[in-house]
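Contents: one structure, followed by commentary.
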Amino acid sequence: MGWRELGLAYKTTCMEGVQILPDGTALRHYDVHNLYGWSQTKPTLDALRKTTRERGIVITRSTYPTSGQWAGHWLGDNTAAWDQMTKSIIGMMEFSLFGISYTGADICGFFSDSEYELCARWMQLGAFYPFSRNHNGKGYKVTMPSPHCPPPTDPFPFRGNDQMFPSQRQDPVAWNSTFEDISRDVLNIRYALLPYLYTLMFDASAHGSTVVRPLLHEFVDDRTTWEIYQQFLWGPALLISPVLEKGEDIGFRGQFRALNSPLEHINLHVRGGYILPQQSPANTTAFSRKNPLTLLVALNDSQQAEGQLYWDDGVRIGANSGEIAPDLEWPP
């Protein structure tokens, strides 16, 4: 992430540079810049699978159309600021449309020092990023390049004054016991809902659906939902309504309503007519997968509900290594 006024040459090769392909074809860097990460993603996943003989996960910041079949994406280096949480929701919804469902932002911010309330609210939101990671830099550099493209003979095109800005720790145990409890509670909800999230990820992989989605995807005829970008859904059934402003209380069917949101609380709503598979959480996904499954049933006005569950061993390579159970229905 650079400053806009520095232009496209910031922290990369000059856009007018020429790239020579193995067959001798000359291409402008401007035309192929975004293909670098794309071209490295699949070989990285192939090497990982060959080495471990298991699926593995590749996370890349540099993406291009079709990257989602090989990797997830994190939304880049962000800043410890309240507006960054809203931007992360928009980013996830956008990348869902790009076919990349395993996404998330650096929880609590990468640059600058986070602060208590911001980080607590971000932990609550971030528990519902498909890719959930609290991450910041121990220190970072700012390099001020020349405003013009460097000459091809310059071996150090980005000479400038490097400045180091240390960042404080922001993981849950770096704060206090109350913060630990807030984080533990919301992460346990995430772990409990992993069977539902896993099913959504399978559906996205096999059928091209979305995991994180805006409300308009489920309520296309309701034009009010077209403007909502500070709430989002997991699949069709779970609504996440995070607090995105300092000291805020966020604000049922077809209504805007202020909901009580004390610091230790995030508002979640299950849509009537759906069944969410759950599992007792444990310290790791390997252990939680061994725990009993339960069903969270939210009846609609007709006292009915349905859902799906996909289940496999979680590690084997192969598109059809598991099974999607027949539709879950209530009454049975």
Considering residues, nucleotides and ligands other than [X], do more than 12 of their heavy atoms fall under 6.0 Å from its [atom1]?
{"X": "F131", "atom1": "CZ", "value": "yes"}
{"X": "N283", "atom1": "CG", "value": "no"}
{"X": "Y30", "atom1": "OH", "value": "no"}
{"X": "D221", "atom1": "CG", "value": "no"}
{"X": "W70", "atom1": "CH2", "value": "yes"}
{"X": "R53", "atom1": "CZ", "value": "no"}

Ring pair (Phe, Tyr, Trp, His ring centres under 6.0 Å) between W234 and F128: does it pass, once the steps are laid out? CA-CA 8 Å; W234 263 14; F128 298 93; 5.4 Å; yes
Do you know the tightest heavy-atom contact between [X] and [Y]?
{"X": "T284", "Y": "F287", "result": "OG1-CD1, 3.1 Å"}
{"X": "T285", "Y": "S288", "result": "O-OG, 3.1 Å"}
{"X": "L216", "Y": "T225", "result": "CA-OG1, 3.4 Å"}
{"X": "C119", "Y": "S114", "result": "CB-OG, 3.5 Å"}

Student check: side-chain heavy atoms of [X] and [Y] closer than 4.5 Å:
{"X": "L118", "Y": "C108", "value": "no"}
{"X": "D181", "Y": "E264", "value": "no"}
{"X": "L296", "Y": "V270", "value": "yes"}
{"X": "L268", "Y": "P242", "value": "no"}

Strictly distance-based, threshold 3.5 Å: is any side-chain N or O of [X] a donor or acceptor partner for the main-chain N or O of [Y]?
{"X": "Q69", "Y": "T66", "value": "yes"}
{"X": "Q170", "Y": "I107", "value": "yes"}
{"X": "Q278", "Y": "L295", "value": "no"}
{"X": "T60", "Y": "S62", "value": "yes"}
{"X": "E117", "Y": "L263", "value": "no"}
{"X": "S39", "Y": "L35", "value": "yes"}
{"X": "R49", "Y": "R55", "value": "yes"}
{"X": "T199", "Y": "Y310", "value": "yes"}
{"X": "N136", "Y": "Q168", "value": "yes"}

Would you compute the distance between atom CG of D106 and atom CG of N78 and round it to the nearest 0.5 angstrom? 5.0 Å
Rounded to the nearest 0.5 Å, how far does CG of L276 lie from CG of L200? 8.0 Å
Show me the donor-acceptor pairs within less than 3.5 Å that the side chains of residues 86-101 make with the rest of the protein, sequence neighbours left out.
from : atom 1 : to   : atom 2 : distance (Å)
K87  : NZ     : D83  : OD2    : 3.4
S88  : OG     : M85  : O      : 2.6
S88  : OG     : Y129 : OH     : 2.7
S96  : OG     : M92  : O      : 3.1
S96  : OG     : V212 : O      : 2.7

Using the ring of W175 (Phe, Tyr or Trp, six-membered ring only), decide whether R169 places NZ or CZ under 6.0 Å from its centre and within 45 degrees of its axis. no
Can you classify the ring geometry of H29 versus Y36 as parallel (below 30°), tilted (30 to 60°) or perpendicular (above 60°)? tilted
Start with the C-alpha gap between Q231 and S241, add the side-chain angles, then the distance that decides, and say whether side-chain hydrogen bond (donor to acceptor under 3.5 Å, both in side chains) holds. CA-CA 5 Å; Q231 296 169 285; S241 304; 2.7 Å; yes
Run the numbers on H135 and F110 for ring pair (Phe, Tyr, Trp, His ring centres under 6.0 Å), then give the verdict. CA-CA 6 Å; H135 178 59; F110 183 81; 5.3 Å; yes
Between [Y] and [X], is the closest basic N to carboxylate O distance under 4.0 Å?
{"X": "D46", "Y": "K50", "answer": "no"}
{"X": "R271", "Y": "E218", "answer": "yes"}
{"X": "R316", "Y": "E54", "answer": "no"}
{"X": "D77", "Y": "R61", "answer": "yes"}
{"X": "E16", "Y": "R28", "answer": "no"}

Looking at residues at least two apart in the chain, or sitting in another chain, which of them share a side chain to side chain contact (heavy atoms under 4.5 Å, CB included) with N188? R184, P281
With no hydrogens and no angle check, just 3.5 Å: does a side-chain donor-acceptor pair link Y274 and N300? no
Assess, by modelled atom type and distance only, whether the side chains of Y198 and D312 contain a donor and an acceptor separated by less than 3.5 Å. yes
